[in-house]
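Questions regarding the structure given below will be posed in turn.
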Amino acid sequence: MCIDRRFSRHAWRVTPEHARRLQEELRHFVIPIGTLSQLHLVAGADVAYDRPSCRMFAGIVVLQLPDFQIVETRMAVRQTTFPYIPGLLSFRETPALLAAWKQVSHTPDVLFIDGHGLSHPRRFGLACHVGVLIDRPVIGCAKSRLIGTYEEPPPTRGSTSWLYDETGHIIGAVVRTRGGTRPVFVSVGHRIDLQEAVRVTLLCSKGYRLPEPIRQADQFVERIKRARRRTS
DNA sequence: GCGACAG
DNA sequence: ATCTTGTCGC
């Protein structure tokens, strides 16, 4: 029986209440400023789940610019130990992502994470959590909204609009990385400002909706999962 | 109580 | 995220 089913019955180390308290504590360590002095190596991180075995496959792919050639791929497998709860995603995926990160030898100039950063209920989404722990520039790039309001950006590639919180403060950007398709939600993860995050996201978008680093990480973990689906 | 809700 | 084949459209 996997953790998602045990959830309603009992036992984990960190309860949702505790997790939220930790986010309120850790949010103060996020550095929402900074620009990249160079952009030679970029990386993307993502996680895939295998329902039946309750395992998760975290992967990190490092690419070199300007050709986007893959220079390194690393992965880690972990048993799922925390349920998916909107706003607490990092407590589910961070352990596996960190395990994969520790194996990376080509330290990238920036890391793209598949999820939100500051555009989060407590301003501490997955991108911030991972960013603070590895203390490296991280950009949060999510495929859908978690919180905030925004106006649909023009349908042409490169157009953007801001994402605001209930107070009217900017917490992220809605970016059209490709014409004719839904935009992505970019936010600060760590050690980079929003403007720079948007700029780099567009620079790394190679004709697809998802920035190339994340798209590659996506395919990578998907392949790993299929290849190991029958092993235990 | 009702609707929203990253992956 | 995952379950899943073909199909409509640029």
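In what follows, every chain begins at residue 1, and chains take the letters A, B, ... in the order their sequences are listed. These values consider heavy atoms only, across backbone and side chains, with no hydrogens, waters or symmetry-generated copies.
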Worksheet item: Separation of Leu97(A) atom CG from dA1(C) atom P, in whole Å?
Response: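 Taking CG of Leu97(A) and P of dA1(C), I get 14 Å after rounding.
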
Rounded to whole angstrom units, what separation is found between the CZ atom of Arg122(A) and the C1' atom of dC5(B)?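 Result: 12 Å.
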
Of the candidates dA6(B), dA4(B), dA1(C), the side chain of Arg51(A) sits closest to dA1(C)

Review point. Do Asp109(A) and Arg136(A) sit within salt-bridge range, that is, some charged N less than 4.0 Å from a carboxylate O?
Key: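 Salt bridge absent between Asp109(A) and Arg136(A).
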
Atom CG of Leu126(A) and atom P of dA1(C) are separated, to the nearest Å, by 13 Å

note: Arg92(A), atom CZ; dT2(C), atom C1'; distance rounded to Å ~ 11 Å

Point to revise | Lys143(A), nearest nucleotide to its side chain (from dA4(B), dC3(C), dG7(B)) | key: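 Of the candidates, dG7(B) comes closest.
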
In terms of side-chain geometry, is the basic nitrogen of Arg191(A) or Glu196(A) positioned less than 4.0 Å from the acidic oxygen of its partner?
no

Checking dT2(C), dA6(B), dG7(B) against the side chain of Arg229(A) (C-beta onward), the nearest is dT2(C)

- Message: Students often get this wrong, so: under 4.0 angstrom with heavy atoms, is Gly87(A) touching a base, only sugar-phosphate, or nothing?
- Response: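 Result for Gly87(A) = base.
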
- Decide side-chain hydrogen bond (donor to acceptor under 3.5 Å, both in side chains) for Glu93(A) and Tyr49(A); before the verdict, give the C-alpha distance in whole Å, the side-chain angles of both, and the deciding distance to 0.1 Å. CA-CA 10 Å; Glu93(A) 304 193 337; Tyr49(A) 297 87; 2.8 Å; yes

Discussion item. For dG7(B), is there a stacking contact with Tyr49(A), counting only centres under 5.5 Å and planes under 30°?
Written reply: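 A stacking contact does not exist, since Tyr49(A) is not both close and nearly parallel to the base ring of dG7(B).
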
Of dA6(B), dC5(B), dC3(C), the nucleotide closest to the side chain of Leu89(A) is dA6(B)

Atom NE2 of His129(A) and atom C1' of dG7(B) are separated, to the nearest Å, by 16 Å

Item to check | From dT2(C), dA6(B), dC5(B), nucleotide with atom closest to Ser144(A) side chain | outcome: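 In terms of side-chain proximity for Ser144(A), the closest of dT2(C), dA6(B), dC5(B) is dA6(B).
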
Looking only at dT2(C), dG7(B), dA4(B), the nucleotide nearest the Ala48(A) side chain is dT2(C)

- Query: Would His169(A) and Tyr164(A) count as a close aromatic pair, with their ring centres under 6.0 Å?
  - Reply: no

Rounded interatomic separation in angstrom, taking NZ from Lys225(A) and P from dG7(B):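 Nearest whole value for this atom pair: 15 Å.
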
*Please determine, by modelled atom types, if Ser119(A) and Ser187(A) share a side-chain donor-acceptor pair under 3.5 angstrom.*
yes

From CG of Asp114(A) across to P of dA6(B) the rounded distance in Å is 12 Å

Asp218(A) atom CG is separated from dT2(C) atom C1', nearest whole Å, by 13 Å

What does Leu88(A) touch in the nucleic acid at a heavy-atom separation under 4.0 angstrom: a base, only the sugar-phosphate, or nothing?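 Touches a base.
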
